Amino acid sequence: MKNKFRILKILITVIIFGFLLSFSLKRFNNKPMEKVSVNLTKTKNPVYFIDEKDVKDLVKKSNPTKRIGDIDIPDLEKKLNQLPAVDSANVYLNLNGNLNLDIKQRVPAFRLNKDGKDFYVDEKGNEFPTSKNYSYPCMLVTGNVKESEYEKLADLVNKIDHDEFSKKYFIGISKEQGGYNLLTSQGNYKVEIGDLDRIHLKVKGFKTFVEKYLIYQQPEKYTKISVKYDNQIVTTLNPNFAENDSIINVGNKELAKLPIIAQKKADASKSTGTNPARTEKAKPAIKKAATKPAAKKTTPAKPKTTVKKETAKPKASTSNKTTTSAPKKPKAKVKIE
């Protein structure tokens, strides 16, 4: 009997509590919204794409009666998340009847000009349009950039922004013929980096080139400095720079000689009717044949025979000289008178 009384007591308490709860909820739902609080979450870089007034106007459109019971919180969150500049949104109600909206805005990593369209890209690779009321200062990228390269490109821009040297020199990025170039603030040259791999080493190579060489030169001397190759830097001279005229002229003269030399070789081969490659191979054989007869002429046996003949002749000549010698006859005449 006591247990039945306890169970009945509990049931009556639950019914009364449910009645009071439903009554309070009904009263709460009929209550008008006291206040709409918009909390824009702080980001690492402050952005102002979303205006608090625009968010409140969106709330008014979704709840024209301004009654708490008529607010569809999931639908309102969905509409806020569909805004281009919103990264995430959270909507909830207080017991006081205040509607709270926590909104996190997208932070652009760079601004992309592609196919005549201009828009922002955040660090996650999400595109969103520019705003008429606010322009975020970020790196400008031009060219046909693929969506799969957005995150790597955002990482490159982030490295440039956090490096004092890179931030001083690089003001833009362009994609030409499948490769990327860094646009500089000094001179008219651009830094060719090729793909987006090993960015740290490429920037380090350009920094070394600037500190060791470029600071002693005029920036207008070059049109392109390429660091896309491993362990080497390739520069392209500016043809409109006066000091480069002598260097370019020498290079053009050397390049002009190449077709002339090739034409001369071709004419020589046509006139002789021989292949230039065969004649060059035959020349060493002729030189070897000419050296062999020279060795045969200078044999040690021939000089010995000639010496013997020459020694025999003087014997015959001395006998003739004694019989017909002119100096002895005048001496005999002197003796007579």
Side-chain angles (χ1 to χ4, degrees), residues 43-45 47 106-130 135-241 243-244 247-248:
T43 56
K44 58 181 179 180
N45 295 322
V47 289
R106 298 187 190 275
V107 179
F110 57 88
R111 185 169 179 167
L112 180 60
N113 190 321
K114 176 183 176 182
D115 298 331
K117 298 180 181 179
D118 202 13
F119 53 89
Y120 292 111
V121 178
D122 65 0
E123 58 185 6
K124 297 179 182 178
N126 298 315
E127 300 177 358
F128 61 100
T130 58
S135 178
Y136 181 78
C138 60
M139 186 77 71
L140 177 63
V141 181
T142 59
N144 187 17
V145 181
K146 299 179 181 178
E147 292 185 7
S148 59
E149 298 175 330
Y150 283 171
E151 291 189 20
K152 284 187 176 182
L153 200 57
D155 184 56
L156 169 61
V157 175
N158 185 43
K159 289 179 180 179
I160 292 174
D161 291 338
H162 288 81
D163 182 60
E164 292 297 330
F165 173 84
S166 301
K167 193 174 183 180
K168 175 183 175 182
Y169 274 90
F170 304 136
I171 59 173
I173 303 173
S174 66
K175 186 177 182 182
E176 300 173 3
Q177 299 177 356
Y180 286 93
N181 300 313
L182 299 178
L183 307 179
T184 59
S185 59
Q186 297 186 2
N188 299 319
Y189 64 89
K190 56 186 177 181
V191 180
E192 184 182 24
I193 60 174
D195 54 25
L196 298 174
D197 299 328
R198 297 173 285 108
I199 293 298
H200 177 70
L201 294 176
K202 294 175 182 178
V203 174
K204 185 178 179 181
F206 174 72
K207 183 178 180 180
T208 303
F209 177 76
V210 171
E211 293 176 348
K212 301 292 184 181
Y213 186 76
L214 191 60
I215 57 175
Y216 304 106
Q217 304 290 326
Q218 295 187 12
E220 294 80 9
K221 185 176 181 179
Y222 304 101
T223 57
K224 184 172 70 173
I225 299 173
S226 178
V227 293
K228 70 177 182 179
Y229 305 103
D230 294 337
N231 299 323
Q232 59 179 327
I233 297 174
V234 181
T235 60
T236 303
L237 295 177
N238 183 7
N240 298 322
F241 190 62
E243 294 183 5
N244 292 337
I247 301 174
I248 295 174

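These numbers were taken from a predicted model, which means no experiment stands behind them.
By the 4.5 Å heavy-atom criterion applied to side chains, F209 and I225 are counted as neighbours. A heavy-atom distance below 4.5 Å is found between the side chains of V157 and I173. Contact annotation: the side chain of D230 approaches that of R198 to within less than 4.5 Å [non-hydrogen atoms, C-beta and beyond]. With contacts defined as side-chain heavy-atom distances shorter than 4.5 Å, the pair V107/Y136 qualifies. Within the 4.5 Å cutoff, the side chain of Y189 has heavy atoms near those of the L214 side chain. Annotation: side chain of D195 is not in contact with side chain of K228 (no heavy-atom distance under 4.5 Å). At a threshold of 4.5 Å between non-hydrogen side-chain atoms, the residues E151 and D155 do not count as touching.
Counting only distance, with no hydrogens or angles, the side chain of K202 and the backbone of V227 share no donor-acceptor pair below 3.5 Å. Panel note: side chain T43, backbone R106; no donor-acceptor pair is recorded below 3.5 Å. Listed for the K190 side chain is no donor-acceptor partner under 3.5 Å among the backbone atoms of N181. Checking side-chain atoms of D115 against main-chain N and O of K117 turns up no donor-acceptor pair under 3.5 Å. Listed for the S166 side chain is no donor-acceptor partner under 3.5 Å among the backbone atoms of H162. Between the T130 side chain and the S135 main chain, no donor and acceptor come within less than 3.5 Å of each other.
The aromatic rings of Y213 and Y222 lie tilted to each other, with the angle between the two planes from 30° to 60°. Note: F170 and F165 have perpendicular aromatic rings, judged against thresholds of 30 and 60 degrees for the angle between ring planes.
The distance from the NZ atom of K146 to the NZ atom of K152 is 11.5 Å, given to the nearest 0.5 Å. Between the NZ atom in K175 and the CD atom in Q177 there is a gap of 12.0 Å [rounded to 0.5 Å]. The distance from atom CD of E147 to atom CG of N126, rounded to the nearest 0.5 Å, is 10.0 Å. Interatomic distance, L140 CG to R111 CZ, rounded to the nearest 0.5 Å: 7.5 Å. Taking CE of M139 as the start and CD1 of I160 as the end, the distance is 4.0 Å to the nearest 0.5 Å. To the nearest 0.5 Å, the span separating CD1 on I193 from CG on L182 amounts to 4.0 Å.
The shortest non-hydrogen separation linking T223 to P239 is CG2-CD, 4.4 Å. For the residue pair P108 and V47, the shortest heavy atom distance occurs at CD-CG1, 4.1 Å. C138 and Y120 get closest at one heavy-atom pair: SG-CE2, 3.9 Å.
With respect to K207 and D163, no salt bridge is recorded, no charged nitrogen being found less than 4.0 Å from a carboxylate O. Salt-bridge check for E127 with K114: failed, with every basic side-chain N at 4.0 Å or more from each acidic carboxylate O.
Results of the side chain to side chain contact (heavy atoms under 4.5 Å, CB included) test with L153 over L112, V121, V145, N158 single out V145 as the only residue that passes.
Atom CD of E211 is surrounded by more than 12 heavy atoms from other residues, nucleotides or ligands within 6.0 Å.
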